Number of protein chains: 2
Amino acid sequence: MSDANKGPARGRPRTMNAEQVLDVAMNAYWHSDPADVSVNAICQMAGISKPSLYREFGSEDGLSRAVLDRYAEQVLSEIFVILQGGMGLRETLDALIEFASSDPRMETGCLFYKMRAGKHRLGPDTRARVEEIDAVGQAAYAAFLQAARNAGDWPDGPSVEAGAKYLGEQVALAITQRASGEDPARIREMLTLALSVISRS
Amino acid sequence: MSDANKGPARGRPRTMNAEQVLDVAMNAYWHSDPADVSVNAICQMAGISKPSLYREFGSEDGLSRAVLDRYAEQVLSEIFVILQGGMGLRETLDALIEFASSDPRMETGCLFYKMRAGKHRLGPDTRARVEEIDAVGQAAYAAFLQAARNAGDWPDGPSVEAGAKYLGEQVALAITQRASGEDPARIREMLTLALSVISRS
DNA sequence: TCATTTTTATACTATCCGGTATTTTATTTC
DNA sequence: GAAATAAAATACCGGATAGTATAAAAATGA
């Protein structure tokens, strides 16, 4: 707990860099689909052996869960930043639209949404983490909408929970469409239309 | 071409019923996911041997394509009936909402949308058919919206193509959410909200 | 009865998967 | 330099997959 020992001195020094493996796996999962990338393929792409990967991550489930954690803090956090930035309703929605339809990192879709869509194919740990992140995300959308309603920016009508779900699913839909090569301008147009029911111009 | 010969007189009579096999396969694909149902499993469920299935359908791709054709004429046709029923804008949208959020057949989602979501995992023939059906569907949505605009029911703003895509994707989203166990009332609320931008109450 | 035809049933192939046992290699400690 | 240690590389295991070769069975025609 005092000084973070950088590995034991004894034994053959390890050549495997766990973070680099995570990066390789994250990009592979992200660019195609978690269900279509085997651990064999990841080992080959990362230039490591299978036992090394299993010693580090325990199982495919352990790897994908670690990848998801990394993705959450590196990428998903951006959405939370937008939602919790304290901007007004309109500006926040515009930022969400901008992110979903134009952020270059979402060009091949969102790894989290891909995992959520194929939840039943994930290992138990990864699946549990997906559900946890999903719940946290929904809560963030709900908190944002509640604040807007308290400020009088979002008129009464749908419940906060329904609005949060709606908002989250529309963003997810837009980003998922980017992965299927849809024209970003068209996606922006559709997402703007969908979110216009929350904040009419 | 004259009389439809019901099988050759010679040889061992076949016990396999192609339509029953298609029903079994369709329900299996539909209830879970095409990518998660093997030909082995279908043979077992249908009580037939693998060579029989391959003689009838040629390949897994041939089977899934035949299933998709069957699904299109048995189930998807209903959406076209709604779109081409000649009802007013509002009534047609309400019928779409009713179908997507409450039709018991959509309780486990839509096989077509499942196939479209996992397009890259399908064989070439099935994938081509998915794209074809997708295009026909979009055209049907577009024709419907064009008629509404001509009748003055749908004010200018989004292009007909954008509106058609939006409408189709919102219906797909609602039905897909049913497969993940979302509360139908909540789904109806969200879909109603989404479609309210086309026909405000 | 016996050859022909067509379908069925069984058993098999090749490949890929996640996961692991075993051996080899590189390092520190003594 | 030898023992100990830890990682890496290779080769393997059991299981599932799509697809097929082969043999058995059930009918017809002569």
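A note on names: the letters A, B, ... follow the listed sequences, proteins ahead of strands, and every chain is numbered from 1. Worth saying up front: this structure is predicted, and the values here are computed from it rather than measured.
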Tell me the interatomic distance from [X], atom [atom1], to [N], atom [atom2], rounded to whole angstroms.
| X | N | atom1 | atom2 | value |
| --- | --- | --- | --- | --- |
| A:R12 | D:dA3 | CZ | P | 21 Å |
| A:R121 | C:dC17 | CZ | P | 15 Å |
| B:D61 | D:dT17 | CG | C1' | 16 Å |
| A:M16 | D:dA8 | CE | C1' | 10 Å |
| B:Y54 | C:dA9 | OH | C1' | 16 Å |
| A:E56 | C:dG19 | CD | P | 16 Å |

Hey, does the side chain of [X] come within less than 4.0 Å of [N]'s phosphate (OP1/OP2), counting only N and O?
| X | N | result |
| --- | --- | --- |
| B:S49 | C:dT8 | no |
| B:R14 | C:dT7 | yes |
| A:R55 | D:dA6 | no |

I'd like to know if the side chain of [X] reaches the main chain of [Y], judged simply by a donor and an acceptor atom lying under 3.5 Å from each other, with no hydrogens or angles considered.
| X | Y | answer |
| --- | --- | --- |
| B:E91 | B:G88 | yes |
| A:S199 | A:L89 | no |
| A:S52 | A:I48 | no |

### Message
Classify A:P51 by what it touches in the nucleic acid, base, sugar-phosphate, or nothing, heavy-atom distance under 4.0 Å.
### Response
base
### Query
Near DNA chain D, under 4.0 Å by heavy atom, which residues of residues 22-44 of chain A?
none
### Message
Walk me through whether A:D125 and A:R129 qualify under side chain to side chain contact (heavy atoms under 4.5 Å, CB included).
### Response
CA-CA 6 Å; A:D125 286 6; A:R129 189 84 181 95; over 6 Å; no
### Query
Start at the 5' end of DNA chain D and walk down; is the nucleotide closest to A:I48 or to B:G58 reached first?
A:I48
### Summary
Side-chain atoms of A:K50 come closest, of C:dT10, D:dA11, D:dA8, to D:dA11
#### Entry: Candidate nucleotides C:dT8, C:dA26, D:dA26, ranked by approach to the side chain of B:P13 - the nearest
D:dA26
#### Entry: Salt bridge A:R116-A:E131, side-chain N to carboxylate O under 4.0 Å
no
### Message
For a quick test of reading the model, state the closest non-hydrogen atom pair linking B:G157 to B:R149 and the distance between them.
### Response
N-NH2, 3.5 Å
### Query
Is there a donor in the side chain of B:D33 and an acceptor in the side chain of A:H120, or the other way round, less than 3.5 Å apart?
no
